[in-house]
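Some notes on the structure that comes next.
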Amino acid sequence: NWICKWDGSYGMPSSESNFVFSPPLKMSRCGVVCSKKDTWEPTESDENFVDSINSVIDLLEEAQGESDSGDIIGHGDESSGKWLPIAIQWTSDDDGDLTPDNFLQKIGAHSQLRKNVQVWKLNDAKEYESDEDESDDDNDGDEDYEDSKSFLEKSMKTFFSDRKSFIFFCCGDGKLNPVPLFAVAKICDGLVAGFIGGVIYT
């Protein structure tokens, strides 16, 4: 559920003029977040699209296999938000260049989200620094957690390095919780795909 701050209600946006995404994003039967018109079921989709989407799913599953927290987003998240695969049909003639604003417009994001965008960069491995007074046993769990996050982000960086128009950003910070977060690129002709998540900031 979303907690809307921009209208002062601190409740779930639920009207035609007060929403997060309109129409709401949905999840296909194969576990991919998509728009209302995109289904991404293997029997109903272009073969190139399916192969490209499967490569995103494989990357996420590889991270999940590394650790129970392998799909955790991090980045200051005060919860345990996880990445999910997302795929959106995209044509340059109709949708323009892949930018945060064009992407948000494509998926029907509220104007408050489009006005509050922060572009990020994928991190390399986040170094773990422990206090000398702490025992190694006290740090093992946190170190594993940081390693799992850095594994996914390093994998993302490799995966997206040769993709066109990669964008990594959050939107709506201070306007709602969780704050939507996207890491997407043009991964084949006619398709933008990657990862979506939500982080909680207070």
Side-chain angles (χ1 to χ4, degrees), residues 1-40 53 56-57 60 69 71-123 126 145 149 152-153 156 160 165-187 191-202:
N1 292 335
W2 305 97
I3 296 176
C4 179
K5 299 180 181 180
W6 64 70
D7 65 351
S9 69
Y10 287 80
M12 180 71 177
S14 58
S15 68
E16 291 185 2
S17 60
N18 195 25
F19 55 86
V20 179
F21 301 106
S22 180
L25 299 177
K26 65 177 186 177
M27 183 173 288
S28 69
R29 292 194 302 271
C30 59
V32 178
V33 177
C34 55
S35 67
K36 186 175 181 179
K37 69 177 182 179
D38 297 323
T39 60
W40 306 130
I53 294 169
V56 173
I57 295 173
L60 192 59
S69 56
D71 53 357
I72 298 294
I73 297 170
H75 287 279
D77 183 20
E78 297 173 28
S79 65
S80 298
K82 297 183 177 182
W83 289 110
L84 295 170
I86 182 172
I88 303 293
Q89 288 188 7
W90 191 278
T91 59
S92 297
D93 289 344
D94 295 332
D95 303 314
D97 295 333
L98 180 59
T99 65
D101 189 62
N102 284 346
F103 182 78
L104 290 173
Q105 183 177 15
K106 174 73 173 183
I107 62 176
H110 193 281
S111 60
Q112 290 288 343
L113 274 64
R114 295 173 61 191
K115 292 176 183 177
N116 292 272
V117 170
Q118 296 179 19
V119 177
W120 292 354
K121 293 182 179 180
L122 288 173
N123 295 329
K126 181 178 179 180
Y145 177 66
K149 290 192 298 181
L152 179 56
E153 289 218 8
M156 281 191 193
F160 288 121
S165 307
F166 170 68
I167 50 176
F168 182 32
F169 69 96
C170 73
C171 57
D173 186 11
K175 300 297 181 179
L176 83 163
N177 262 323
V179 176
L181 180 65
F182 302 92
V184 296
K186 293 181 181 178
I187 62 173
L191 181 69
V192 167
F195 302 95
I196 179 176
V199 293
I200 292 179
Y201 296 139
T202 57

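All residue numbers refer to positions in the sequence shown, counting from 1.
Here the side chains of Gln112 and Cys4 are not in contact, with every heavy-atom distance at 4.5 Å or above. Side chains of Pro100 and Phe182 form no contact here, defined as non-hydrogen atoms less than 4.5 Å apart. By the 4.5 Å heavy-atom criterion applied to side chains, Tyr10 and Lys5 are counted as neighbours. Taking 4.5 Å as the limit, some side-chain heavy atom of Asn18 sits within range of a side-chain heavy atom of Trp6. Under the 4.5 Å side-chain criterion, counting only non-hydrogen atoms from C-beta, Val20 is in contact with Leu113.
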What's the verdict on side-chain contact (heavy atoms from CB on, under 4.5 Å) for Ile53 and Leu191, showing C-alpha distance, side-chain angles and the deciding distance?
-> CA-CA 9 Å; Ile53 294 169; Leu191 181 69; 4.0 Å; yes

Leu104 and Cys171: side-chain contact (heavy atoms from CB on, under 4.5 Å), yes or no, with the steps?
-> CA-CA 9 Å; Leu104 290 173; Cys171 57; 3.8 Å; yes

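The distance from atom CD1 of Ile107 to atom CG of Leu25, rounded to the nearest 0.5 Å, is 5.0 Å. The line from CG of Leu84 to CZ of Phe195 is 10.0 Å long, rounded to the nearest 0.5 Å.
Checked against side-chain contact (heavy atoms from CB on, under 4.5 Å), Asp38 has the following partners two or more places apart in sequence or in another chain: Cys34, Ser35, Trp40, Ile88, Gln89. Annotation: ring pair (Phe, Tyr, Trp, His ring centres under 6.0 Å) contacts of Phe168 (sequence neighbours excluded): His75, Trp120. In this structure Lys36 satisfies the side-chain contact (heavy atoms from CB on, under 4.5 Å) test together with Pro23, sequence neighbours excluded. Here Lys106 pairs with Asp95 under the salt bridge (charged side-chain N to carboxylate O under 4.0 Å, His left out) rule; sequence neighbours left out.
Ring geometry for Phe103 against Trp90 counts as parallel: the plane angle stays under 30°, on a 0 to 90° scale with 60° as the upper cut.
Scanning all heavy atoms of the two residues, the minimum distance from Val117 to Phe169 falls at CG1-CD1, 3.9 Å. The shortest non-hydrogen separation linking Pro85 to Ile196 is O-CG2, 4.3 Å. Summarising the geometry of Val199 relative to Gly74, their closest heavy-atom pair is CG1-O, 3.9 Å, with the distance given to 0.1 Å. Taking each heavy atom of Gly198 and Ile73 in turn, the nearest pair found is N-CD1, 3.6 Å. Between Ile187 and Ala193, the shortest heavy-atom contact is CD1-CB, 3.3 Å. Nearest heavy atom pair, residue Phe160 against residue Ala185, reads CD2-CB, 3.7 Å.
Under a cut-off of 6.0 angstrom, the local environment of CG in Asp97 is sparse, with at most 12 non-hydrogen atoms contributed by other residues, nucleotides or ligands.
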Indicate every side-chain donor-acceptor pair of residues 172-180 with a distance under 3.5 Å to a residue at least two apart or in another chain.
unit_1, atom_1, unit_2, atom_2, d
Asp173, OD2, Gln118, NE2, 3.4
Asn177, OD1, Tyr201, N, 3.1
Asn177, ND2, Tyr201, O, 2.7

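Counting only residues at least two apart or on different chains, the salt bridge (Lys or Arg N to Asp or Glu O under 4.0 Å) pairs with a member in residues 110-123 are Asp101-Arg114.
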